[in-house]
Protein chains: 2
Amino acid sequence: MFSAPQVREPASSKSYKGTSVVPAYRESQNDGFERGTIRRVEAKEHVFCEGDPRTHVFRIEEGVIALSKLLSDGRRQVIDFAYPGDYIGLGILNDHIFDAQATCAAKIRCLPASALEQAAALDASLALKLYKAVSAELLAARSLLVSVGQGTAMERLASFLLGLHHRSMDNSDVDVVNLPMRRSDIADLLGLTIETVSRTITKLRSLRVIDVVHGTEVRILDCDRLEELAG
Amino acid sequence: MFSAPQVREPASSKSYKGTSVVPAYRESQNDGFERGTIRRVEAKEHVFCEGDPRTHVFRIEEGVIALSKLLSDGRRQVIDFAYPGDYIGLGILNDHIFDAQATCAAKIRCLPASALEQAAALDASLALKLYKAVSAELLAARSLLVSVGQGTAMERLASFLLGLHHRSMDNSDVDVVNLPMRRSDIADLLGLTIETVSRTITKLRSLRVIDVVHGTEVRILDCDRLEELAG
DNA sequence: CGTTCATTTGAGTGAAGTCAAACCGAGTGG
DNA sequence: CCACTCGGTTTGACTTCACTCAAATGAACG
């Protein structure tokens, strides 16, 4: 469960610094973002907040942006981590209904939402590209839902790590996955507490399935076993 | 939390028999489905299964279709309930990755996926319509994720009932919501067991927040209280 | 009336949550 | 260079909410 939707382009991957991945939807790159402006965001800085007018659409260039919903009592659900090549801010509503917050220093490209939508109204291939991008997001959201709705803590975490592993083929070392986010971000994604995430990672280490360096770098020692544990 | 995406058309609602709702995306109804064939499905019958080739796209005309993922060990996650006006089978993959199963007798309109996609490649407004339909699905999936990831059993069920309440303005009686699905469907949607769903409904009854007739008809007695309970 | 299927209710268990404390690495400043 | 702080992570002890197993109830139908 929780397999990241494998609809990515084969191998045109240009390697970015840091936590880069094969971009999700670029094909001929004719998505209008060539003319977008670059914006840098610090770790923990918000790109936009729930309730903000949806003025821009963004394409991640570097780093990771967490989309999340904050509940009135402080609980938080992370909806998705957006990696380089992913879009955020697509949608049909006038205002954002989620927060977008960098989990680490990031670079994003900005395009006015109106410009994109006007272009899409005239260009069926662009509109279709948006359709496909959102469809990919939908797959990811549903995979996560299955994981969170049915999985144990171990299954959720194993799925999460495998998902990252598939996404980030960037690294020189194939079996090392970066975790460019805090434990709390992972916990809020998986519907767990940081303590449970930590305990489960510890368990995976004691099972010799993974090894963890500096808390942020995970080496997968036994991928088959990890897949079993993912359910 | 778990508010159904409110992007529906104002009031062109033609009332269907049974569990009907205001259709999700019909605008001028130019979605190509006018020429689609009607298919009847019995309660519990599958419209398609995981792994089937994605030959058709469907628009619900009557009844409710549950989209779900079945895990190898029998656990099941319901992803969404599709109501009249909703589409199922949209997406970018060649095969279905979910089961679609009627929760009650239903009527659906079928259109070959290739036809729809060819039409969308030429007609930007149709492509944009697909984009918006999938965006609405994405909102629903994410709302559910928040509910399942962060909510208690009571919060999940209250959100679910409120979501249905908003969707099904069809009924003559505004405060009665139909539950045209089994407890197990609700449980699998909310990531709970049937026992917990049942107990929680009982609790809502004893709190005088709802009243239940024949197990399938819910009268909302105290909507404000229900919203509080939804978190 | 008996069968079947779905739902409700009850009693006991367990996985993940809560609360609290220890640990660790990175800065910072004496 | 070391002491101190600070944010983040890990570990431990205890609690709780939802799960499991089991039985009773209810509704639909031949």
Side-chain angles (χ1 to χ4, degrees), chain A residues 42-45 66 71 73-77 101-105 147-158 160 178-207 210-218 229 231, chain B residues 42-45 66 71 73-77 101 103-105 147-160 178-207 210-218 229 231:
Chain A
E42 299 298 318
K44 302 175 112 188
E45 185 184 342
L71 305 186
D73 61 356
R75 283 176 293 177
R76 188 175 76 131
Q77 178 68 41
Q101 195 177 16
T103 66
C104 59
S147 187
V148 170
Q150 300 300 323
T152 62
M154 178 60 83
E155 288 169 335
R156 296 185 211 183
L157 197 74
F160 170 69
N178 263 21
L179 297 182
M181 67 284 288
R182 328 242 153 268
R183 293 285 182 273
S184 61
D185 294 319
I186 300 175
D188 290 345
L189 180 82
L190 301 178
L192 301 169
T193 59
I194 50 177
E195 293 96 329
T196 300
V197 169
S198 180
R199 275 185 248 273
T200 309
I201 289 177
T202 301
K203 194 160 198 179
L204 281 172
R205 277 206 307 155
S206 64
L207 289 171
I210 63 171
D211 198 13
V212 182
V213 195
H214 299 129
T216 126
E217 215 171 73
V218 173
L229 289 168
Chain B
E42 299 299 317
K44 303 175 111 186
E45 184 184 342
L71 305 186
D73 60 356
R75 284 176 292 177
R76 187 175 78 131
Q77 178 68 41
Q101 196 178 16
T103 67
C104 59
S147 187
V148 170
Q150 300 300 323
T152 61
M154 178 60 83
E155 288 169 335
R156 295 185 212 183
L157 197 73
S159 291
F160 169 70
N178 265 20
L179 297 182
M181 67 281 290
R182 328 239 154 271
R183 293 287 182 273
S184 62
D185 294 319
I186 300 175
D188 291 345
L189 179 84
L190 301 178
L192 301 169
T193 58
I194 50 177
E195 293 96 328
T196 300
V197 169
S198 179
R199 276 186 248 274
T200 309
I201 289 177
T202 301
K203 194 161 198 179
L204 281 173
R205 277 204 308 154
S206 64
L207 288 172
I210 62 171
D211 197 13
V212 182
V213 194
H214 299 130
T216 125
E217 214 171 75
V218 173
L229 290 169

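Residue numbering restarts at 1 for every chain, and letters A, B, ... go by the order of the sequence lines.
The environment of CD in A:Glu45 is crowded: more than 12 heavy-atom neighbours from other residues, nucleotides or ligands sit within 6.0 Å.
When every heavy atom of A:Gly149 is checked against every heavy atom of B:Val148, the shortest pair comes out as CA-CG1, 3.7 Å.
The nearest whole Å value for the distance from the CG atom in B:Leu157 to the P atom in C:dT7 is 13 Å. Atom-to-atom, CG of A:Leu190 to P of C:dG17 comes out at 10 Å; the value is rounded to the nearest Å.
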Is there any protein nitrogen or oxygen under 3.5 Å from a nitrogen or oxygen in nucleotides 23-30 of chain D, and what are the pairs?
none

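Atoms OG1 and CZ, on A:Thr200 and A:Arg205 in that order, are 12.5 Å from each other to the nearest 0.5 Å.
Annotation: side chain of A:Asn178 is in contact with side chain of A:Glu217 (closest heavy-atom distance under 4.5 Å). Counting heavy atoms from C-beta on, the side chains of A:Arg183 and A:Ile201 come closer than 4.5 Å. Within the 4.5 Å cutoff, side-chain heavy atoms of A:Met154 are placed close to those of A:Leu204. Contact check for A:Leu71 versus A:Arg76: no side-chain heavy atoms found under the 4.5 Å cut-off.
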* Asked: Which letter, B, S or -, goes with each nucleotide of nucleotides 7-20 of chain D from 5' to 3', with contact meaning a protein heavy atom under 4.0 Å?
  -> -SSBBBB----SSB
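Tested against B:Leu157, the residues B:Thr196, B:Leu192, B:Ile186 include a single side-chain contact (heavy atoms from CB on, under 4.5 Å) partner, B:Ile186.
Ionic pairing of A:Asp185 and A:Lys44 is not present here: no N-O contact between side-chain nitrogen and carboxylate oxygen is shorter than 4.0 angstrom.
Using a distance-only test at 3.5 Å, with no hydrogens or angles considered, no donor-acceptor pair links the side chain of A:Gln150 to the main chain of B:Gly191.
Each end of the helix from C:dC1-D:dG30 to C:dG30-D:dC1 gets its own axis, taken as the rotation carrying the C1' atoms of four end pairs onto the next four within a five-pair window, and the two axes meet at 20° to the nearest 10 degrees.
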